[in-house]
Chemist: 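Quick one: the structure is below, questions incoming.
So that the names make sense, note that chain A is the first sequence line, chain B the second, and so on, each numbered from 1.
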Amino acid sequence: MIKKETMLIKFVEQIALDTIEMVVENAYISKTAIPGQFLHVAVDGQTLRRPISIADINREKETITLLFKIVGSGTAKLATLKPGMSMDVLGPSGNGFQIVDKEPSTILLIGGGIGVPPLYYLGKTLAEKNKEIISILGFQTEKSVFYEEKFSSLGRTYIVTNDGSYGETGFVTDVIEKAGQFDRYYSCGPVPMLKAITAKLVDKPGMISLEERMGCGVGACMACVIPTDSNGGYKKICSDGPVFHAQEVSL
Amino acid sequence: MIKKETMLIKFVEQIALDTIEMVVENAYISKTAIPGQFLHVAVDGQTLRRPISIADINREKETITLLFKIVGSGTAKLATLKPGMSMDVLGPSGNGFQIVDKEPSTILLIGGGIGVPPLYYLGKTLAEKNKEIISILGFQTEKSVFYEEKFSSLGRTYIVTNDGSYGETGFVTDVIEKAGQFDRYYSCGPVPMLKAITAKLVDKPGMISLEERMGCGVGACMACVIPTDSNGGYKKICSDGPVFHAQEVSL
Amino acid sequence: MTNLAINLPGLELKNPIMPASGCFAFGREYSEFYDLSKLGAVIMKAATGTERFGNPTPRVAETASGMLNAIGLQNPGVEKIIEKEVPFLGQYDTSIIANVAGSTLEEYEKVAAAFNQTDQVHALELNISCPNVKEGGIQFGTDPSMAAKVTETVKNASQLPVYVKLSPNVTNIVEMAKAVELAGADGLSMINTITGMQIHLPTKKPLIANKTGGLSGPAIKPVAIRMIYEVKQHVSIPIIGMGGISNAEDVLEFLLAGASAVAVGTANFSNPFVCPEIIDALPETLNRYGFDSVEDAIGKGIM
Amino acid sequence: MTNLAINLPGLELKNPIMPASGCFAFGREYSEFYDLSKLGAVIMKAATGTERFGNPTPRVAETASGMLNAIGLQNPGVEKIIEKEVPFLGQYDTSIIANVAGSTLEEYEKVAAAFNQTDQVHALELNISCPNVKEGGIQFGTDPSMAAKVTETVKNASQLPVYVKLSPNVTNIVEMAKAVELAGADGLSMINTITGMQIHLPTKKPLIANKTGGLSGPAIKPVAIRMIYEVKQHVSIPIIGMGGISNAEDVLEFLLAGASAVAVGTANFSNPFVCPEIIDALPETLNRYGFDSVEDAIGKGIM
Ligand SMILES: Cc1cc2nc3c(=O)[nH]c(=O)nc-3n(C[C@H](O)[C@H](O)[C@H](O)COP(=O)(O)OP(=O)(O)OC[C@H]3O[C@@H](n4cnc5c(N)ncnc54)[C@H](O)[C@@H]3O)c2cc1C
Ligand SMILES: Cc1cc2nc3c(=O)[nH]c(=O)nc-3n(C[C@H](O)[C@H](O)[C@H](O)COP(=O)(O)OP(=O)(O)OC[C@H]3O[C@@H](n4cnc5c(N)ncnc54)[C@H](O)[C@@H]3O)c2cc1C
Ligand SMILES: Cc1cc2nc3c(=O)[nH]c(=O)nc-3n(C[C@H](O)[C@H](O)[C@H](O)COP(=O)(O)O)c2cc1C
Ligand SMILES: Cc1cc2nc3c(=O)[nH]c(=O)nc-3n(C[C@H](O)[C@H](O)[C@H](O)COP(=O)(O)O)c2cc1C
Ligand code: FES
Ligand code: FES
């Protein structure tokens with residue numbers, strides 16, 4: 001259930017170009033959130049809240065890690081918050097990634113830019129369930145790369161940069177062959193990337209996490225819809241998503 | 001000349017009911033400001049700046065003291081600032097109190113509520129010029145009283161509260177007789193008080209400091225005008241004032 | 001004890017606070033945050049004759065102290081609303097106001113008539129002002145004779161009191177208000193959003209897919225207050241006020257300007273508890289400024 | 001090198017940035033902060049036929065991301081402006097635009113004609129939209145035929161190019177723009193303030209002594225962008241855009257919507273250096289979004 005919670009900021013650090021890692025403390029969120037869910041974060045002076053994915057959780061310490069990129073006024077203000085200050089959030093919001101528990105399997109995680117964060121908590125959770133994890137993480141350039149070691153500790157990890165300044169050159173889709181066999185995939189990133197991936201991997205079961213501009217973040221305003229493939233209905237990204245089956249929505 | 005200056009906050013403390021004393025550091029303002037001038041203070045998230053009088057200056061330490069009452073959103077936000085943070089101000093603004101240097105004389109200072117602050121810097125400056133100072137300070141209630149000792153160190157000081165909870169009971173005008181002989185007066189406070197004082201002391205030379213809602217604070221927008229007694233012209237409180245000769249303006 | 005109750009045509013409100021149409025869907029989502037029985041009333045999302053999918057996304061944009069929206073009346077259609085949503089809201093001890101929209105006179109008539117099927121709806125809010133409907137909605141809201149016509153049509157089709165929701169995008173709001181009063185409106189609801197646009201620099205295109213959207217939030221409050229103040233002096237039907245309300249002081253400002261009750265829209269998005277928090281704060285706020293009841297304050301700012 | 005220059009009727013601007021009328025008086029105050037020669041142009045405070053003292057105070061109120069003003073055209077009268085203020089501004093290497101106001105056709109005519117005496121004024125901005133003049137100003141600004149009439153009158157009286165400043169307080173801004181274009185306007189200036197009100201809770205009265213005031217600042221930017229975007233597609237005269245501009249990104253947004261130059265009003269009050277700071281930031285901002293010149297960007301957001 002979504003609650004309005006106050007989170008105590010424990011740690012803030014820039015970990016890549018314009019990219020902030022923030023660790024916050026909250027009992028309720030840390031106990032209840034699952035991978036793929038997000039927090040709807042209030043930012044002082046802004047009319048609307050900002051959706052930010054849950055990048056990691058430490059249940060013992062009751063902390064949540066957020067990773068966000070400074071792209072506009074809201075994220076810029078969030079980046080100025082300091083340990084000891086607090087943050088007002090709604091969460092945990094949305095439906096997370098469905099984890100198929102039964103069989104042993106190999107999982108491909110494909111993240112692009114600031115779509116990478118939710119995949120880390122997912123990957124960690126899957127690794128705890130003894131899945132084999134392969135990760136492909138795409139960034140624009142070397143300076144934007146983050147969490148390479150963290151993903152590497154979960155399994156084989158490929159870094160791709162658009163300009164070739166680090167790791168492989170090109171797009172995440174260029175590396176999928178290299179990654180080898182896998183049973184299902186999970187992806188989050190910009191829509192063009194998700195389009196290319198879902199087209200390429202049309203035969204594999206997969207789930208994708210989507211972004212859209214939001215009003216309420218709780219399913220009440222109809223701002224964040226996406227057409228579904230089945231005849232004409234809309235789903236709400238904030239409450240039906242942000243995670244969908246790869247072939248469920250029309251990108 | 002008015003400049004746009006950054007001031008470093010050194011000290012913030014609540015000194016009476018909803019009343020904040022703030023000491024800020026700035027070389028230019030501390031060197032150039034005279035009693036009666038004000039600062040036009042930017043407040044994060046507010047469209048307009050807030051005019052706050054200069055309550056004291058320490059030229060050696062290059063600090064300026066501001067005293068303000070929390071009455072709305074702007075002053076409430078100012079009150080949350082902490083030492084080490086900085087403040088953007090325009091100043092020193094307006095024309096201050098004219099000090100008649102020549103003869104030895106007795107000066108009556110009459111302040112009401114949050115009109116008290118500019119009189120302290122004035123009183124201190126006059127005391128340095130060996131004037132005799134008598135002060136009458138009016139407040140709503142005991143909890144609102146501030147700077148009694150500071151004024152007492154300048155000379156005889158009467159505190160008046162509307163509800164009689166401290167000092168004399170009533171209005172500042174009720175105490176003027178008690179104060180005895182004086183040569184000229186300076187006053188700052190709510191308009192009804194200034195009206196009563198200028199009517200009562202019509203035969204004495206005096207100066208009063210006025211308030212009005214401001215736009216620009218530099219004389220460009222015509223928001224802050226007051227009719228003058230001479231036929232029909234308007235003066236601007238931000239640039240012609242805030243200090244006027246008692247009989248110059250029509251209250 | 002401070003009296004928050006207020007009686008309006010069709011509506012015996014225990015307090016003057018209701019969520020605004022389109023900002024609260026049909027209550028389900030916010031019912032997980034608090035008991036909707038706390039609310040004076042709920043204004044439902046617009047209902048049209050048949051299901052609508054609305055506009056393409058992006059549908060919202062943030063602006064300084066406000067937001068733009070162009071949802072485009074997405075709703076499941078009036079029949080489904082009556083079947084599934086009204087009974088849900090009917091569980092709560094609060095009044096229900098149905099927001100009626102359409103593209104043609106016939107559609108308005110059909111939607112209004114449909115609500116006669118249920119006795120759980122207490123009043124209609126006639127949305128002649130949604131700027132996001134292209135087929136004619138906007139004309140209804142900006143032409144006094146069209147506005148009068150749709151008001152009459154809906155009055156004839158419905159047993160319920162009708163509050164006509166006015167658009168602020170007009171030269172003369174008083175003329176609009178008088179036209180719909182004359183046509184039989186039982187009350188007014190004002191203001192709807194002001195048409196605006198934001199251009200997204202990276203794409204060099206209007207950010208909202210529909211190009212224009214409706215501006216709401218604190219940015220528009222001064223316009224709402226002005227229009228209510230003007231209209232109140234020229235009509236004798238009550239006004240439900242809205243536009244940028246986010247706290248109890250704002251509510252009092254609307255009451256003083258002439259509103260008899262208020263709706264809260266955009267503020268729900270930043271604080272889902274804004275309505276109950278306002279209700280809790282209202283008695284103290286009224287008292288602080290010398291009022292014993294909501295009734296007392298209505299129109300007291302008019303000089 | 002990025003080209004900020006833009007040529008408009010009567011105005012060869014070295015950059016598209018000018019302070020808006022009424023927010024900069026006649027330049028004296030801000031000339032103490034920076035060299036006015038930096039500005040593309042200066043739009044002077046409104047001139048009327050004779051001296052005006054304006055409205056009682058309070059004349060301004062703060063609102064969310066905006067402000068209300070009801071100065072009421074306080075100015076020393078056109079003759080004194082020509083005698084004392086124009087020569088002051090004339091010292092600077094910048095264009096001068098005179099804002100012409102009045103209560104009657106005759107007054108507009110007189111003011112416009114008076115500016116023929118000086119060759120230091122480069123264009124007139126015809127203020128038919130000041131909401132704070134009761135005697136008829138508002139009608140000029142909201143009725144297309146009245147607007148056309150005053151435009152024609154002023155065009156006949158003056159040798160200078162005339163930019164008509166439109167009021168946003170209308171149902172149909174395109175109709176207004178087309179009417180004044182047809183009547184001979186050389187350009188448009190938009191938008192003026194939106195009429196609003198704030199009620200002061202402690203006194204239970206409208207805070208502004210004039211009751212209503214004009215809303216300006218970032219709050220109204222979406223309305224300005226929308227109106228410019230709409231009008232640009234229906235007129236062929238250039239538009240000076242304004243309403244809530246406070247940085248170089250805002251300027252680009254106005255250019256994309258169809259403005260050829262812009263004016264900055266309210267933002268001067270919080271930051272006296274806002275105009276020169278915008279001018280300094282503009283080349284980089286244009287480049288970042290792929291433009292080499294101001295000219296390039298004009299109307300590029302229209303789809
Ligand atoms: C479910 C979800 C999860 C997300 N998780 C993350 C994350 O973990 N880390 C991260 O860096 N970013 C994440 N984003 C994107 C993030 O929400 C935006 O970058 C952020 O809202 C931008 O705010 P701003 O004020 O800096 O930008 P501005 O452009 O100033 O914002 C203006 C408005 O547009 C909205 N907006 C702008 N870009 C986006 C976007 N891409 N998606 C949705 N709304 C947008 C803002 O929320 C705001 O309402 C997520 C988005 C969604 C929908
Ligand atoms: C020359 C001058 C000197 C002043 N010196 C002091 C001082 O030393 N200490 C102090 O506590 N107060 C002083 N004031 C009053 C102070 O400016 C206001 O209390 C303050 O602006 C209120 O801001 P707010 O946001 O808290 O209130 P709000 O009511 O939220 O403010 C809304 C708007 O109204 C304006 N406003 C509200 N009250 C006043 C007022 N009394 N005078 C002018 N504008 C007002 C604000 O500046 C703002 O633009 C002075 C005023 C003037 C004109
Ligand atoms: C996302 C959104 C959707 C809206 N949908 C409707 C609607 O369906 N019908 C309607 O009459 N008004 C609709 N409105 C307008 C609001 O009911 C209200 O009149 C307006 O937003 C002003 O109030 P506010 O500033 O409190 O949001 C909508 C507003 C928003 C922000
Ligand atoms: C205090 C003030 C005074 C104004 N006086 C005038 C005026 O005399 N003539 C005029 O045409 N517009 C006047 N305006 C309107 C501005 O020129 C401008 O059109 C409007 O404020 C929108 O721009 P902004 O949001 O950048 O302020 C005034 C605005 C303000 C805030
Ligand atoms: S953001 Fe409101 S429904 Fe998704
Ligand atoms: S505040 Fe602008 S002239 Fe005084």
Chemist: Tell me which pairs pass salt bridge (Lys or Arg N to Asp or Glu O under 4.0 Å) where either residue lies in residues 34-46 of chain C, with sequence neighbours left out.
Modeler: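 Of all non-adjacent pairs touching residues 34-46 of chain C, those that pass salt bridge (Lys or Arg N to Asp or Glu O under 4.0 Å) are C:Lys38-C:Asp280.
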Chemist: Does a side-chain heavy-atom distance below 4.5 Å link A:Lys236 with C:Glu29?
Modeler: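 Yes, side chains in contact.
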Chemist: A:Phe11: what forms a ring-ring contact (aromatic ring centres under 6.0 Å, His included) with it, not counting sequence neighbours?
Modeler: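 A:Phe11 satisfies ring-ring contact (aromatic ring centres under 6.0 Å, His included) with no other residue.
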Chemist: Decide yes or no for A:Val218 and C:Phe33: does some side-chain heavy atom of the first lie under 4.5 Å from some side-chain heavy atom of the second?
Modeler: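 Yes; the side chains approach each other to less than 4.5 Å.
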Chemist: Looking only at heavy atoms, which two atoms of A:Lys4 and C:Pro272 are closest? And how far apart?
Modeler: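 Of all heavy-atom pairs spanning A:Lys4 and C:Pro272, the closest is CD-CD, 4.1 Å.
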Chemist: Taking the side chain as everything from C-beta on, heavy atoms only, tell me whether A:Met214 gets closer than 4.5 Å to C:Val60.
Modeler: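 Not touching, per the 4.5 Å side-chain cut-off.
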Chemist: Specify the closest pair of heavy atoms between C:Phe53 and A:Tyr234, including all atoms of both residues, with the distance to one decimal.
Modeler: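 The pair with the smallest heavy-atom distance is O-CE1, 2.5 Å.
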Chemist: Given heavy-atom pairs under 4.5 angstrom as the criterion, report whether the side chain, backbone, both or neither of C:Phe273 touches chain A.
Modeler: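 Only the side chain of C:Phe273 comes within 4.5 Å of chain A.
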Chemist: Who among A:Gly72, A:Ala223, A:Gly215, A:Gly74 has the most heavy-atom pairs with chain C under 4.5 Å?
Modeler: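 Among the listed options, the one with the most contacts to chain C is A:Ala223.
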Chemist: Side chain from CB out, backbone as N, CA, C, O: work out which of these in C:Thr63 comes under 4.5 Å of a heavy atom of chain A, or both, or neither.
Modeler: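 Only the backbone of C:Thr63 comes within 4.5 Å of chain A.
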Chemist: So which bits of residues 30-47 of chain A come within less than 4.5 Å of chain C, counting non-hydrogen atoms only?
Modeler: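 Hits under 4.5 Å: A:Gln46, A:Thr47.
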Chemist: Flag the pair C:Gln74 / A:Val225 as yes when at least one side-chain heavy-atom distance between them is below 4.5 Å, and no otherwise.
Modeler: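 They are in contact (side-chain heavy atoms under 4.5 Å apart), so the answer is yes.
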Chemist: Could you check whether any side-chain N or O of A:Arg213 sits under 3.5 Å from a backbone N or O of C:Ala61, counting only pairs where one atom can act as donor and the other as acceptor?
Modeler: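 Not at all, since once roles are kept as given, no pair shorter than 3.5 Å links the two residues.
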Chemist: When you look at CZ of A:Phe68, are more than 12 heavy atoms from neighbouring residues, nucleotides or ligands closer to it than 6.0 Å?
Modeler: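 Yes.
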Chemist: Short question: side chain of C:Arg59, backbone of A:Met222 - any donor-acceptor pair under 3.5 Å?
Modeler: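 Judged by distance alone, yes, a pair lies under 3.5 Å.
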Chemist: Would you check if A:Cys216 and C:Phe24 make a side-chain contact, meaning some heavy-atom pair closer than 4.5 Å?
Modeler: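 They are not in side-chain contact.
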Chemist: With A:Arg50 as the cation and C:Phe269 as the aromatic partner, state whether NZ or CZ is under 6.0 Å from the six-membered ring centre and within 45° of the axis.
Modeler: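 So A:Arg50 doesn't make the cation-pi contact.
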Chemist: Side chain, backbone, both or neither: which part of C:Ser65 has a heavy atom under 4.5 Å from chain A?
Modeler: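 Backbone of C:Ser65 only, per the 4.5 Å heavy-atom cut-off to chain A.
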Chemist: Does any part of the side chain of C:Glu32, heavy atoms only, come nearer than 4.5 Å to the side chain of A:Ile2, both counted from C-beta?
Modeler: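 With C-beta onward as the side chain, the pair stays apart.
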Chemist: Quick one: list whatever passes ring-ring contact (aromatic ring centres under 6.0 Å, His included) with A:Tyr121, sequence neighbours left out.
Modeler: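 A:Tyr121 satisfies ring-ring contact (aromatic ring centres under 6.0 Å, His included) with no other residue.
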Chemist: Around atom OH of C:Tyr92, are there more than 12 heavy atoms of other residues, nucleotides or ligands at under 6.0 Å?
Modeler: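 For C:Tyr92, atom OH is crowded (more than 12 foreign heavy atoms under 6.0 Å).
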